[in-house]
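Here the structure comes first, spelled out in C-alpha cells, and everything after it is commentary.
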Amino acid sequence: MTKPKLPEEVLQLNETLKRQPHLTEHMGPLHLLSVPGRSSGQLRATPVSPLDIDGQRYLVAAFAEADWVKNLRLSGWGILTKGQNSLQVTVAEVSVPERAPILQAFVQQMEHLGGDSSGPSGHFAFGIGPDEPLEAYTAIADRHPIFRIVEATPAPSIERAAL
C-alpha cells in the first residue's frame with residue numbers, strides 16, 4: 001500500500017512544529033507526538049490533535065500506514081508535547097468495532113477547528129463529513145487506527161521523558 005501524500009501546507013507546518021514544538025502552545029488541540037522509531041529507537045515526531053471524550057483521551061490516525069502509527073503500536077508509548085509541557089504517555093489501541101463514535105467525534109472536532117487561524121485541521125484526510133451517520137464511520141473504522149492514552153506522566157522535557 002502506498003502512503004498518502006499530505007498537502008504541501010501540512011508538510012511545511014509539520015516540519016516547522018518538529019523543529020519548534022513550543023509553537024503548539026497557541027494552536028488549539030495541536031500537540032507534538034514523539035515516538036521511538038521501530039528500527040533506530042530514535043524519537044520521531046509528528047503533530048497530532050488528541051481528542052478528549054468522557055474523561056478519556058485518544059490519538060486518532062488519519063492514515064493506517066503512517067510511521068507514527070507503526071512506531072506507537074510497537075513501542076506502546078510516546079511523548080506528547082504542548083508548548084513547553086511534555087507528558088510521557090502509554091497507549092492501548094482501540095479495537096475496530098469501538099472506533100466509529102470516536103472517529104465521528106474527531107472529525108466533528110476537526111471540522112469545527114477548520115475555520116480558525118491555527119492552521120490546517122487535518123479533517124480532509126477522512127473523506128467523510130461531520131454530519132454523516134455513525135454507520136458511515138463504522139464503514140471506515142478499519143482504516144483509521146485509534147489509541148487510547150491509558151497513562152500520562154508529566155516530564156520536564158521531551159529529552160527527559162525519553163529516558
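- Counting only heavy atoms from C-beta outward, the side chains of V60 and M110 never approach each other to under 4.5 Å.
- Closest of all the heavy-atom pairs between L30 and K82 is O-NZ, 2.9 Å.
- Side-chain contact check for N85 versus P154: every heavy-atom pair is 4.5 Å or farther apart.
- Using a 4.5 Å cut-off on side-chain heavy atoms (C-beta onward), H31 and L87 make no contact.
- K70 is listed as a side-chain neighbour of E65, based on a closest heavy-atom distance under 4.5 Å.
- With contacts defined as side-chain heavy-atom distances shorter than 4.5 Å, the pair L13/P47 does not qualify.
- Taking the salt bridge (charged side-chain N to carboxylate O under 4.0 Å, His left out) definition, one finds that R143 meets it with nothing, sequence neighbours left out.
- Between the side chain of H144 and the backbone N or O of A61 there is at least one donor-acceptor pair closer than 3.5 Å.
- Both L103 and I53 are part of a single hydrophobic cluster, where members link through side-chain heavy atoms under 4.5 Å apart.
- Judged by distance alone, the side chain of R44 and the main-chain N or O of W68 form no donor-acceptor pair under 3.5 Å.
- With sequence neighbours excluded, no residue satisfies salt bridge (charged side-chain N to carboxylate O under 4.0 Å, His left out) with E132.
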Under the criterion side-chain contact (heavy atoms from CB on, under 4.5 Å), I'd like the reasoning laid out for M27 against L17: C-alpha separation, chi angles, the key distance, then a yes or no.
CA-CA 11 Å; M27 297 184 76; L17 294 174; 3.8 Å; yes

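- At least one side-chain heavy atom of Y137 sits under 4.5 Å from a side-chain heavy atom of V107.
- When side chains are defined from C-beta on, E93 does not count as touching E98, because their heavy atoms never get closer than 4.5 Å.
- Here the closest heavy-atom approach between residue R99 and residue A141 is recorded as NH1-O, 2.9 Å.
- Here the side chain of K18 pairs no donor or acceptor atom with the backbone of T46 at under 3.5 angstrom.
- Taking each heavy atom of D67 and R38 in turn, the nearest pair found is O-NH1, 3.4 Å.
- Residues S49 and F106 come closest through the heavy atom pair O-CE1, 3.1 Å.
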